[in-house]
Visitor: 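Let me begin by handing over the structure; questions about it come next.
Owing to the predicted nature of the structure, the values given are computational and were not obtained by experimental measurement. Atoms within each ligand, like the ligands themselves, are counted from 1 in listed order.
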Amino acid sequence: MLGFVRLNRPKVLNAINREMVSEILAAFEYMDREENVRAIVLSGNGRAFAAGADIDEMADEGSIDFERLNQFADWDRLAVVKKPIIGAVHGFALGGGFELALVCDILFAAEDAKFGFPEVNLGVMPGAGGTQRLTKLIGKTKAMEWLWTGEMHPAQEACDLGIINRVVAPEVLMEETKKFALQVAQKPPLSVRLIKDSVLKAIDYSLYEGMQYERKNFYLLFSSEDQKEGMRAFVEKRRPDFKGR
Ligand code: CAA
């Protein structure tokens, strides 16, 4: 029912290289198509969630390499996965690691988690959505401060600013994340999917465009068996049996 993806280059604090992005993408896209998987849980093995893009891989590369490799094409595809992605973050979530966390729909973090964009200290800046997603989440003023200073911020601050959903003790991080993911997994999958689709559109669209979009998704759900089942079950005072159709 849940799909698990664990970043696993602990010796380099799960620094994200290209191979890793394409493996994460392959796993997400497989789970997105797999009917039994209702939600995806993403976490990191070892001391960190991920301490950024792999600096060793990038250090000697030039802009033409990035253009030729279409460096962020896989990242773009991560952002259009339709099923819920729930992140469990502990330790460092920096640079590309933070950007990967921001691709998640819901974030649980351990008290020891640290978030930040240190790219400025390397003479670069975030390239996988960091300046855009952080600004949309916490506003221009705070985002500018985080991005210019490159400082790390504790989980509680990230939670207070609305970047993450919950801060929990490190020893219960996976358990609490799974509990939440299972809660979502038990909801009618088409509703969950079209809610994600609509909420993500709210980030890009004007209110008017977003409302039109929401309406189409609302109408669409009335073509589903789960809508009939959900409403019939309510009238008949029984538990609904949702099938995802
Ligand atoms: N890339 C490659 N290797 C990394 C790495 C990264 N982003 N982060 C950590 N590592 C490696 C270290 O080189 C080290 O390897 P060795 O044992 O072979 O020396 C190993 O992971 C352990 O790291 P540290 O010894 O540095 O551990 P620490 O606890 O002393 O420090 C840290 C932890 C503060 C996170 C530090 O590792 C660090 O500053 N890492 C880099 C963070 C960073 O700058 N991230 C942004 C990358 S650029 C980016 O992400 C661009 C983008 O937007 C796409």
Side-chain angles (χ1 to χ4, degrees), residues 5-28 42-81 85 87-105 107 109-138 140 142-158 161 163-164 167 170 173 203:
V5 178
R6 178 161 277 197
L7 310 175
N8 194 23
R9 295 183 77 211
K11 282 190 186 144
V12 286
L13 305 181
N14 297 327
I16 303 167
N17 59 17
R18 287 190 194 98
E19 190 184 354
M20 203 164 156
V21 181
S22 65
E23 284 176 4
I24 298 165
L25 179 65
F28 278 13
L42 176 67
S43 63
N45 187 24
R47 218 155 45 85
F49 177 75
D54 189 333
I55 297 171
D56 290 337
E57 185 179 65
M58 289 183 295
D60 296 322
E61 290 187 328
S63 40
I64 300 303
D65 296 310
F66 291 136
E67 175 56 30
R68 197 175 46 78
L69 291 166
N70 199 359
Q71 172 77 5
F72 296 111
D74 282 352
W75 285 84
D76 289 343
R77 282 166 64 186
L78 289 177
V80 292
V81 169
I85 306 173
V89 177
H90 76 288
F92 302 106
L94 304 176
F98 190 7
E99 286 170 312
L100 184 60
L102 291 177
V103 170
C104 298
D105 303 305
L107 284 171
E111 286 153 353
D112 68 355
K114 291 189 182 67
F115 297 84
F117 283 117
E119 285 90 337
V120 68
N121 300 321
L122 301 168
V124 289
M125 58 181 280
T131 63
Q132 304 304 296
R133 289 208 171 93
L134 186 68
T135 306
K136 284 175 195 285
L137 269 177
I138 67 176
K140 175 200 147 189
K142 279 282 172 195
M144 203 73 91
E145 182 186 333
W146 280 44
L147 288 152
W148 271 346
T149 63
E151 280 171 3
M152 295 186 212
H153 300 263
Q156 191 55 55
E157 186 184 347
L161 287 168
I163 297 170
I164 63 175
V167 183
L173 175 64
I203 296 167

Visitor: Under 4.0 Å from a heavy atom of Glu99: which atoms of ligand 1 are those, numbered in the order shown and with their elements?
Guide: 52 (C), 53 (O), 54 (C)
Visitor: What protein heavy atom sits nearest atom 9 (C) of ligand 1, and how far away is it?
Guide: Val12 O, 3.8 Å
Visitor: Could you find the nearest protein heavy atom to atom 47 (C) of ligand 1 and give me its residue, atom name and distance?
Guide: Ala53 O, 3.6 Å
Visitor: Would a search of protein heavy atoms around atom 38 (C) of ligand 1 find one under 4.0 Å away?
Guide: no
Visitor: Find all atoms of ligand 1 within a distance of less than 4.0 Å from any non-hydrogen atom belonging to Leu122, and give their numbers and elements.
Guide: 44 (O), 47 (C), 48 (S)
Visitor: Indicate yes or no for a side-chain donor-acceptor contact from Asp112 to the backbone of Gly91 under 3.5 Å, with no hydrogens or angles considered.
Guide: yes
Visitor: Would you mind checking which non-hydrogen protein atom is closest to atom 46 (C) of ligand 1, with the distance to 0.1 Å?
Guide: Pro118 CG, 3.9 Å
Visitor: Identify, by atom number and element, the atoms of ligand 1 in contact range of Asp54, meaning under 4.0 Å from any of its heavy atoms.
Guide: 1 (N), 2 (C)
Visitor: Counting only nitrogen or oxygen atoms and a 3.5 angstrom limit, does Ala51 reach ligand 1?
Guide: yes
Visitor: Please list, in number order, the atoms of ligand 1 under 4.0 Å from a heavy atom of Pro126.
Guide: 53 (O)
Visitor: According to the interplanar angle, ranging from 0 to 90°, do the rings of Trp146 and Phe98 count as parallel (below 30°), tilted (30 to 60°) or perpendicular (above 60°)?
Guide: tilted
Visitor: Considering all protein heavy atoms, does one lie under 4.0 Å from atom 21 (O) of ligand 1?
Guide: yes
Visitor: Strictly inside 4.0 angstrom of atom 43 (C) of ligand 1, do you find any protein heavy atom?
Guide: yes
Visitor: Quick one: nearest non-hydrogen protein atom to atom 24 (P) of ligand 1, plus distance?
Guide: Arg47 NH2, 4.2 Å
Visitor: Do any nitrogen or oxygen atoms of Leu94 lie less than 3.5 angstrom from nitrogen or oxygen atoms of ligand 1?
Guide: no
Visitor: Give the residue, atom name and distance (to 0.1 Å) of the protein heavy atom nearest atom 23 (O) of ligand 1.
Guide: Leu13 CD1, 3.6 Å
Visitor: Between Lys114 and His90, is there a side-chain heavy-atom distance shorter than 4.5 Å?
Guide: no
Visitor: Please list, in number order, the atoms of ligand 1 under 4.0 Å from a heavy atom of Met152.
Guide: 34 (C)
Visitor: Nearest protein heavy-atom contact for atom 16 (P) of ligand 1: which residue, which atom, what distance?
Guide: Lys11 O, 5.0 Å
Visitor: Heavy atom of Gly130 under 4.0 Å from ligand 1?
Guide: no
Visitor: Any protein heavy-atom neighbour for atom 1 (N) of ligand 1 (distance below 4.0 angstrom)?
Guide: yes
Visitor: Protein heavy atoms near atom 53 (O) of ligand 1, is at least one of them under 4.0 angstrom away?
Guide: yes
